[in-house]
Amino acid sequence: MALYAAAAAVLAGVESRQGSLKGLVYASSFQNVKQLYALVCETQRYSAVLDAVITSAGLLRAEKKLRPHLAKVLVYELLLGRGFKGRGGRWKALLDRHQARLKAELARLKVHRGVSRNEDLLEVGSKPGPASQVPRFVRVNTLKTCSEDAIDYFKRQGFSYQGRASSLEDLGALKGKCFLLDSLLPELLVFPAQTDLHEHPLYQAGHLILQDKASCLPAMLLAPPPGSHVIDACAAPGNKTSHLAALLKNQGKIFAFDLDAKRLASMATLLTRAGVSCCELAEQDFLAVSPSDERYRQVQYILLDPSCSGSGMLTRQLEEPGAGVPSKERLRALAAFQQRVLSHALTFPALQRLVYSTCSLCQEENEDVVQAALQQSSGAFRLAPALPSWPHRGISTFPDAGHCLRASPETTLTGGFFIAVFERVEVPSSVPWAEASAPDLRPSRAPKRKKRRQKAAAAPSTGPDT
Ligand SMILES: C[S@@+](CC[C@H](N)C(=O)[O-])C[C@H]1O[C@@H](n2cnc3c(N)ncnc32)[C@H](O)[C@@H]1O
């Protein structure tokens, strides 16, 4: 076995806990044990740095045949090790094509962290922060399959299903090829952190959506029943829209708006792949959408996930833990926009419930915006307690702020997030189709076995050969 392939195999074995590094090195068929051991140790030491460089250079997306562990070993050798020195064969040729980009990403990382030597990157890179411990959440797209079929598929692929999680600790303890069903969302599978499923056939076929747990909560809390009309005000790239469509079972209507043509184009691809057929996409400023337009007279549900500083985003926290705090000026501008767009959304005449969410950790974009909108609505709307059992609540800057929900890698093993659920205090008498009772905010139950049988017959094969 060649050196790099052997090192990749040992790395994979260590990560999936098949044995100790030393044991796996000795068990490999590679003759120069010392050389192999040194290469694996060094690659492991720089693991976080290599992950960051490989991800930002888009290496695995561009080179579909290159497996992640081998990529790590090769990129180590190219950027931090001794160079290929006549070794590497076809992989060396492949890496050469990406050399400039990889080197540039390494240089960018150093500038970003204010260091000049590779060694200095280890200070931050070798200590995994809480963001790197967040599990990989995978939402099963119920428009195309069901949780049980997806679970069966992974089991056939050699993954080990551990049942439904009962605590956060269960999620944090996931290792190797083990996976769980989330305790809160019956369509959410949970894999160990760093599991990469971008190349997985079920993802490519739109049966799975790679979506953080916190980002699944807005649609779940909006909970529009099938047949209802929903606005997704700032919708692209569309993960939450596809979740809404799944909750609607493609029955009813989603009016989805976004300003950004590029993001809308990738959203259209995502929705097609996910089998969404109840959504009308519009490249439009939501602030210019008239609440009195006849088309929206039945809209009882609005999801508002506006542009924000993104200070809670995992990718930002992974790049530089604790980074991403926006300037006061930027925060002021963002909060002003968020307030305008939220107040505008609350003027839709049939609106019953609105979920406001951001992936920001800043109070200015969260509790402050919500408080201002409540004041402006003059008592027409109140906050509903969002998942009362959720451990991390809004900052108590006003009486009902605890009804809001926060999320973070440290407290909920998710990305940083904020959610507020607004509900109308009284059903407007002029709207005959409005439901008289408040919709149920509790999480839905796990799917029944019977449904699985029906879906299995209708859905494309989820066997390993798909
Ligand atoms: C946080 S992202 C939305 C993410 C999306 N909800 C999802 O889950 O995939 C915010 C989006 O708002 C869009 N946006 C910003 N201002 C807008 C406006 N005035 N009207 C409509 N969309 C807007 C941005 O282009 C961006 O795509």
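Both counts, for ligands and for their atoms, begin at 1 and track the order of listing.
- Shown here for C234 and L304, the closest heavy-atom pair between the two residues is SG-CD1, 4.1 Å.
- Ligand-side atoms of ligand 1 in range of D260: 25 (O), range being under 4.0 angstrom from any heavy atom.
- Atom 5 (C) of ligand 1 has as its closest protein heavy atom A235 O, 3.2 Å.
- Annotation: atom 15 (C) of ligand 1 to nearest protein heavy atom, S307 OG, 3.2 Å.
- Under 3.5 Å, the side chains of T397 and Q363 contain no donor-acceptor pair of N or O atoms.
- From the protein, the heavy atom lying nearest to atom 2 (S) of ligand 1 is R263 NH2, 3.5 Å.
- Regarding atom 1 (C) of ligand 1, its nearest protein heavy-atom neighbour is D305 O, 3.4 Å.
- Annotation for ligand 1: atoms under 4.0 Å from non-hydrogen atoms of D285 are 18 (C), 19 (N), 20 (N).
- Closest of all the heavy-atom pairs between V140 and S147 is CG1-N, 3.8 Å.
- Here the protein heavy atom with the shortest distance to atom 23 (C) of ligand 1 is C234 SG, 3.7 Å.
- The distance criterion of under 3.5 Å between nitrogen or oxygen atoms is met by F286 with respect to ligand 1.
- Counting only N and O atoms by type, the side chains of S56 and E105 include a donor and acceptor under 3.5 Å apart.
- Looking only at heavy atoms of the protein, atom 4 (C) of ligand 1 is closest to A236 O, 3.1 Å.
- Distances between N or O atoms of K240 and those of ligand 1 include at least one value under 3.5 Å.
- The shortest separation from a heavy atom of Q284 to ligand 1 is under 4.0 Å, placing the residue in contact.
- The ring of F417 has its center no closer than 6.0 angstrom to the ring center of H392.
- At a 4.0 Å cut-off, at least one heavy atom of A233 sits close enough to ligand 1 to count as contact.
- Side-chain polar atoms of N366 and T358 form a donor-acceptor pair below 3.5 angstrom.
- A distance of 6.0 Å or more separates the ring centres of H229 and Y296.
- Of all the listed residues (D258, L259, L244), D258 holds the heavy atom that lies closest to atom 25 (O) of ligand 1.
- The list of ring-ring contact (aromatic ring centres under 6.0 Å, His included) pairs with a residue in residues 329-353, not counting sequence neighbours, reads F286-H344, F286-F348, H344-F348.
- Among protein heavy atoms, the minimum distance from atom 9 (O) of ligand 1 is reached at G238 N, 2.9 Å.
- Summarising the local packing, CD of Q376 is surrounded by 12 or fewer heavy atoms from other residues, nucleotides or ligands at distances under 6.0 Å.
- Counting heavy atoms under 4.0 Å from ligand 1, residue P306 touches it through the backbone alone.
- Panel note: side chain N239, backbone Q211; no donor-acceptor pair is recorded below 3.5 Å.
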